[in-house]
Protein chains: 2
Amino acid sequence: MNIGQAAAASGLPTKTIRYYEEIGLVPPAARRDSGFRDYGERDIHLLRFVARARSLGFTVEECRQLLALWQDQDRAAGDVKRLTRERIALIDDKIAQLQALRATLAHLERTCHGGNRPDCPILEGLAGGAVS
Amino acid sequence: MNIGQAAAASGLPTKTIRYYEEIGLVPPAARRDSGFRDYGERDIHLLRFVARARSLGFTVEECRQLLALWQDQDRAAGDVKRLTRERIALIDDKIAQLQALRATLAHLERTCHGGNRPDCPILEGLAGGAVS
DNA sequence: GTTTGACCTTCCTGTTGCTGGAAGGTCCAT
DNA sequence: ATGGACCTTCCAGCAACAGGAAGGTCAAAC
């Protein structure tokens, strides 16, 4: 399987697959005589795992840990659970921040008449006043 | 006013202030004979504006636009309102994504017993199954 | 058999928004 | 005059890739 097919099968762009290999997140792929990378089922499986974890917001470093746990026969599910909990907490923080942000912006937006007159509460809010 | 005091007054790190000057987001500061940058009230006002806009999630490029609108006497409040609306829409998207993410992770987390046995629904979810 | 075009390789640069550090100059108080 | 806090510039690097150049390879069509 060429890298292009591996990309289609895993959902990762070829660039990203090469990058993950370069930084050692995934082991180097086998090579054909031509120098082309050659992927098998196991490789695809691994790539899909990484793709999924990344799409769930785990950083590359966390993916490294998850992969190690995944491939470790004596892995402790507790470690995985802990990583997941930490990620959930981070996400909650981020959501809260974004919601506060949104409230402030929505408030400014509501008070702006939107016409062509030069006064604009949004800019005034940014310039001087308390913004939240 | 030295850059350190400008930093304290504006809430931006000195590094960031120099960086904003370098990329032309703010005009070059005046210099003393010694070469030190010298900030006045107007400069601080400008820096605070940028700091606030950044903290509200506007990108540096958007800050550039906002500054131009702010300093433009003939500015149209409508433009500002539009920028703000766009930013709110982006934030809403992001919040929705994060909430979906959180739901998936929370589901995995709930189904994980967390013990030391090698089976772990989180890893299994990442590995093969449908994750959401 | 050759030619086309899709695919692959490596390498280098750029992205966003800073942050850290090194090497050196300045300011001010003691 | 000396110490320490401040300032200057420049260079490197962070995440996590994306884009593109220059060149090699593969498979099928002609």
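The chains referred to below are lettered A, B, ... by the order of the sequence lines, with proteins before strands, and numbering in each begins at 1.
- Using a 4.0 Å heavy-atom cutoff across all strands shown, Arg54(B) reaches sugar-phosphate atoms only and no base atom.
- Taking only side-chain atoms of Tyr19(B), from C-beta outward, the nucleotide of dG17(C), dC27(C), dC7(D) with the closest atom is dG17(C).
- Under 4.0 angstrom from either OP1 or OP2 of dC26(D) there lies at least one side-chain N or O belonging to Ser34(A).
- Lys15(A) has no carboxylate O lying under 4.0 Å from a charged side-chain N of Glu21(A), or vice versa, which leaves the two without a salt bridge.
- Taking side-chain N and O atoms only, Arg31(B) has a distance below 4.0 Å to OP1 or OP2 of dT9(D).
- Comparing dC27(C), dC7(C), dT9(D) by their closest approach to the side chain of Asn2(A) singles out dC7(C).
- In the set dG25(C), dC8(C), dG17(C), the nucleotide with an atom closest to the side chain of Phe36(B) is dG25(C).
- Between Thr16(B) and dT19(C) there is a side-chain N or O to OP1 or OP2 distance below 4.0 Å.
- The separation between Glu22(A) atom CD and dT10(C) atom C1' is 10 Å, rounded to whole Å.
- Clustering ILVMFWY residues whenever any of their side-chain heavy atoms sit less than 4.5 angstrom apart, transitively, puts Val50(A) in the very cluster that holds Ile23(A).
- In this entry the distance linking CZ of Arg32(A) with C1' of dC26(D) reads 10 Å, nearest Å.
- Annotation for Arg42(B): atom CZ does not count as buried by contact number, only 12 or fewer foreign heavy atoms lying within 6.0 Å.
- A donor-acceptor contact under 3.5 angstrom links the side-chain atoms of Lys15(B) to the base of dG21(C).
- One finds a side-chain N or O of Tyr20(A) lying less than 4.0 angstrom from the OP1 or OP2 phosphate oxygen of dC17(D).
- Taking 4.0 angstrom as the limit, Arg37(A) places none of its side-chain polar atoms (N or O) nearer than this to OP1 or OP2 of dC8(C).
- Arg18(B) places its CZ atom 12 Å from the C1' atom of dC10(D), with the value rounded to the nearest Å.
- With respect to the salt-bridge test (charged N to carboxylate O, under 4.0 angstrom), the residues Arg82(B) and Glu86(B) qualify.
- Backbone-only contact: Ile3(B) has heavy atoms under 4.0 Å from sugar-phosphate atoms and none from a base.
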